[in-house]
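A quick write-up on the structure given underneath.
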Amino acid sequence: MDNSIFQHLFIILLLFFIAPTFAQQSFRPKALVVPVTKDATTLQYVTQINQRTPLVPVKLVVDLGGRFLWVDCEHNYTSSTYRPARCRSAQCSLAGANGCGDCFSAPRPGCNNNTCGLTPDNTVTHTATGGELAEDVVSVQSTNGFNPGRNVTVSRFLFSCAPTSLLKGLANGVSGMAGLGRTRIAFPSQFASAFSFQRKFAICLSSSTTSNGVVFFGDSPYFFLPNVNASQLLTFTPLFINPVSTSSAFNQGEPSAEYFIGVKSIMIDEKTVPINTSLLSIDSNGVGGTKISTVNPYTVLEASIFKAVTEAFINASASRNITRVGPVAPFEVCFSSESVGVTRLGAAVPAIELVLQNKNVIWRIFGANSMVEVNDKTLCLGFVKGGEKPRTSIVIGGYQLEDNLVQFDLAKSRLGFSSLLFGSRTTCGNFNFTSTA
């Protein structure tokens, strides 16, 4: 056989054998997936990642507008790959961490000399503290949108250490908070840059405390049993940046990491509710507007908006012969469940409609997302009063997001929302976590 042909065949055979190894090493996921459970006691949404070397499971409260991942490093943090971020390093500038400090005791995770720091923020209790910026290994599952796939690893994931005391008020067994906000070191941006996918993520919170909801990082599709592609159900509206930070502690001039949308008006049963619409815009001090939150269990409305919305809701319910009963804390507006019918979309009550950029783009809140069953006989409107001069006029809370797929596209600065998935005969608890892609 001609020597050159022999060499050619040899190279082809060699490529044939090493190709699978090469493919394995260069596996680049299109998307990642993590489970989210609703904690029955605190109503917080909890996810789990693997972190450190050797890897350990770390439970975290999901904070949609949180600026970064922070974890308790004081208690049982052991890792051979933990690295503090040195002062004036690229990591510090990426994190916007300007301060520089020393720790006057033996070096350990969270306490090292010549390191830059951040201010981890417990957004449930509105408490912030100082914490060291560091990097360590983080591992999560990839997905093709149908099932979870193989685990993938980010070897130098930036996060902040925090003292154990910052966990106060968080769900039992949790070690910190997972920030999904619009900063360069929040989960969506770090995952996107590690795996070169789009700065996009979607959350689907389950209303059940026994079945997992899900967060997807990266591009769709997002499939739920029985074979519903929820990414095809999305309606889009622009995301807005609040120019002033809404964190408990922040640097001057820092914009908010939270997600704001433009609500133009509110309707109940297709009738516009009379409210002071100037409250719906964000002013130059960062006050007003509408944001979406996973740390507020229920939607919070500024006092005058709350009054107008609840009065309109009570009147619309009365015309349906729904019987009002006394309040049950924290809710002010409650009804006898005996007088409320049941539909596929939850309790048969007036629909609450948030009108977005125009009359054709409406976020409809049906009974399953508006009524909370507080006992066998009572259903209450799951909205709470937010005082006279709150920082943000409308905070759409977790209960109103449940069983709705909500996608945050940071590159296009837009929000996609599916409306209640019950209408498509599925739920957020229906992602197939059991089989592997």
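If you're wondering where the values come from, they're calculated on a predicted model, not measured in any experiment. Along the sequence shown, the residues carry numbers beginning at 1.
- There is no side-chain donor-acceptor pair under 3.5 Å between Thr37 and Asn212.
- Put simply, the side chain of Phe383 does not reach to within 4.5 Å of the side chain of Phe331, judged on heavy atoms.
- By the 4.5 Å heavy-atom criterion applied to side chains, Val263 and Val355 are not counted as neighbours.
- Checked against a 6.0 Å centroid threshold, the rings of Tyr259 and Phe408 count as neighbours.
- Side-chain contact of Ser424 with Thr426: a donor-acceptor pair under 3.5 Å is absent, judged by distance alone.
- The structure places CG of Leu64 at 10.5 Å from CZ of Arg182, a figure rounded to the nearest 0.5 Å.
- Taking the ring centre of Phe195 as origin, the terminal cationic atom of Arg28 falls outside the region bounded by 6.0 Å and 45° from the ring axis.
- Atom CG of residue Leu180 and atom CD1 of residue Ile203 lie 7.5 Å apart, to the nearest 0.5 angstrom.
- Put simply, the side chain of Ile292 reaches to within 4.5 Å of the side chain of Leu415, judged on heavy atoms.
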Exercise for review: Starting from the C-alpha separation in whole Å, work towards a yes-or-no answer on side-chain contact (heavy atoms from CB on, under 4.5 Å) for Leu32 and Phe197.
Suggested key: CA-CA 10 Å; Leu32 312 174; Phe197 55 56; 4.0 Å; yes
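- In this structure, CG in Leu166 is found 8.5 Å from CE in Met177, a value given to the nearest 0.5 Å.
- Using modelled atom types and a 3.5 Å distance limit, the side chains of Ser206 and Ser208 yield no donor-acceptor pair.
- For the residue pair Gly169 and Val124, the shortest heavy atom distance occurs at O-CG1, 3.9 Å.
- The main-chain N or O of Asn114 is found under 3.5 Å from a side-chain atom of Asp102 such that the two form a donor-acceptor pair.
- Within 6.0 Å of CG in Asp376 there are 12 or fewer heavy atoms belonging to other residues, nucleotides or ligands.
- Proximity of a side-chain donor or acceptor of Thr392 to a complementary backbone N or O of Val395 within less than 3.5 Å is not detected.
- Atom CG of Asn358 has more than 12 neighbouring heavy atoms from other residues, nucleotides or ligands inside a 6.0 Å radius.
- Between Val361 and Phe417 the shortest side-chain heavy-atom distance falls below 4.5 Å.
- With respect to Leu354, the side chain to side chain contact (heavy atoms under 4.5 Å, CB included) criterion is satisfied by exactly one of Ile362, Ile365, Thr290: Ile365.
- Between the side chain of Asn144 and the backbone N or O of Asn147, at least one donor-acceptor pair lies under 3.5 Å.
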Exercise for review: Using the side-chain contact (heavy atoms from CB on, under 4.5 Å) rule, take Leu60 and Trp70 through it: C-alpha gap first, then chi angles, then the decisive distance, then the call.
Suggested key: CA-CA 9 Å; Leu60 304 161; Trp70 65 260; over 6 Å; no
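- Considering only heavy atoms from C-beta on, Thr129 comes within 4.5 Å of Pro163 through its side chain.
- Scanning both residues, Gly65 and Ala257, for their nearest heavy atoms gives O-CB, 3.6 Å.
- Here the CD-CG distance, from Gln91 to Leu133, works out to 7.5 Å after rounding to the nearest 0.5 Å.
- The backbone N or O of Gln44 sits nowhere less than 3.5 Å from a side-chain atom of Asp39 that would complete a donor-acceptor pair.
- Using modelled atom types, one finds a donor on one side chain and an acceptor on the other under 3.5 Å when comparing Thr164 with Asp72.
- Side-chain atoms of Asn122 come within 3.5 Å of backbone atoms of Lys168 as a donor-acceptor pair (strictly under, hydrogens ignored).
- Glu373 contributes no side-chain N or O that, together with a main-chain N or O of Leu379, makes up a donor-acceptor pair within less than 3.5 Å.
- In this structure, the side chains of Ile268 and Val309 come closer than 4.5 Å at one or more pairs of heavy atoms.
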Exercise for review: Show the numbers, then the answer: is there a side-chain contact (heavy atoms from CB on, under 4.5 Å) between Phe306 and Glu332?
Suggested key: CA-CA 10 Å; Phe306 180 83; Glu332 293 189 19; 3.5 Å; yes
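- For the residue pair Asp121 and Thr123, no side-chain donor N or O sits within less than 3.5 Å of a side-chain acceptor on the partner.
- Nearest heavy atom pair, residue Cys380 against residue Val328, reads SG-CB, 4.1 Å.
- The neighbour count for Arg425 CZ, taken as heavy atoms of other residues, nucleotides or ligands under 6.0 Å away, does not exceed 12.
- The aromatic rings of Phe216 and Phe431 sit perpendicular, their planes meeting at an angle over 60°, well past the 30° parallel limit.
- Heavy-atom neighbours of Arg86 CZ from other residues, nucleotides or ligands within 6.0 Å: above the threshold of 12.
- In terms of heavy-atom proximity, Ala178 sits nearest to Thr47 at CB-CG2, 4.3 Å.
- Side-chain N/O atoms of Ser160 and Arg67 include no donor and acceptor closer than 3.5 Å.
- A donor and an acceptor atom, one from each side chain of Thr115 and Asn112, are nowhere located under 3.5 Å apart.
- Remark: side-chain polar atoms of Ser418 are paired, donor with acceptor, to backbone N or O of Leu405 under 3.5 angstrom.
- Considering CD1 of Ile261 and OG1 of Thr237, their distance stands at 6.0 Å, rounded to 0.5 Å.
- In the displayed structure, Lys59 atom NZ is contacted under 6.0 Å by at most 12 heavy atoms of other residues, nucleotides or ligands.
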Point to revise | Phe240/Ser413 under side-chain contact (heavy atoms from CB on, under 4.5 Å): CA gap, chis, key distance, verdict | key: CA-CA 7 Å; Phe240 293 97; Ser413 203; over 6 Å; no
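- Heavy-atom contacts from other residues, nucleotides or ligands closer than 6.0 Å to CZ of Arg344 number more than 12.
- Taken as a pair, Cys100 and Cys87 meet the criterion of an SG-SG distance shorter than 2.5 angstrom.
- Annotation: side chain of Ile305 is in contact with side chain of Leu280 (closest heavy-atom distance under 4.5 Å).
- Side-chain contact annotation: Asn404 with Asn369, donor-acceptor N/O pair under 3.5 Å present.
- For the pair Cys428 and Phe224, the tightest heavy-atom approach, listed with the atom from each and the gap, is O-CE2, 3.9 Å.
- Pro238 pairs in a side chain to side chain contact (heavy atoms under 4.5 Å, CB included) with only one of the listed residues (Lys412, Arg414, Gln357), which is Gln357.
- Using a 4.5 Å heavy-atom cutoff, the side chains of Arg52 and Tyr82 are not in contact.
- In terms of modelled atom types and a separation under 3.5 Å, the side chain of Asp283 and the main chain of Gly286 share a donor-acceptor contact.
- Using cut-offs of 30° and 60° for the angle between ring planes, the Phe157 and Phe187 rings count as tilted.
- A side-chain donor-acceptor contact under 3.5 Å links Gln400 to the backbone of Gly382.
- With values rounded to the nearest 0.5 angstrom, Cys103 atom SG is found 5.5 Å from Arg108 atom CZ.
- Below 30°, between 30° and 60°, or above 60°: for Tyr399 and Tyr298 the angle between ring planes is between 30° and 60°, a tilted geometry.
- For Lys38 and Glu402, the salt-bridge test passes: some basic side-chain N is under 4.0 Å from an acidic carboxylate O.
- Pairing each heavy atom of Ile282 with each of Gly288, the nearest pair is CG1-O, 3.8 Å.
- Ser220 contributes no side-chain N or O that, together with a main-chain N or O of Tyr222, makes up a donor-acceptor pair within less than 3.5 Å.
- For Asp136 and Arg83, the salt-bridge test fails: no basic side-chain N is under 4.0 Å from an acidic carboxylate O.
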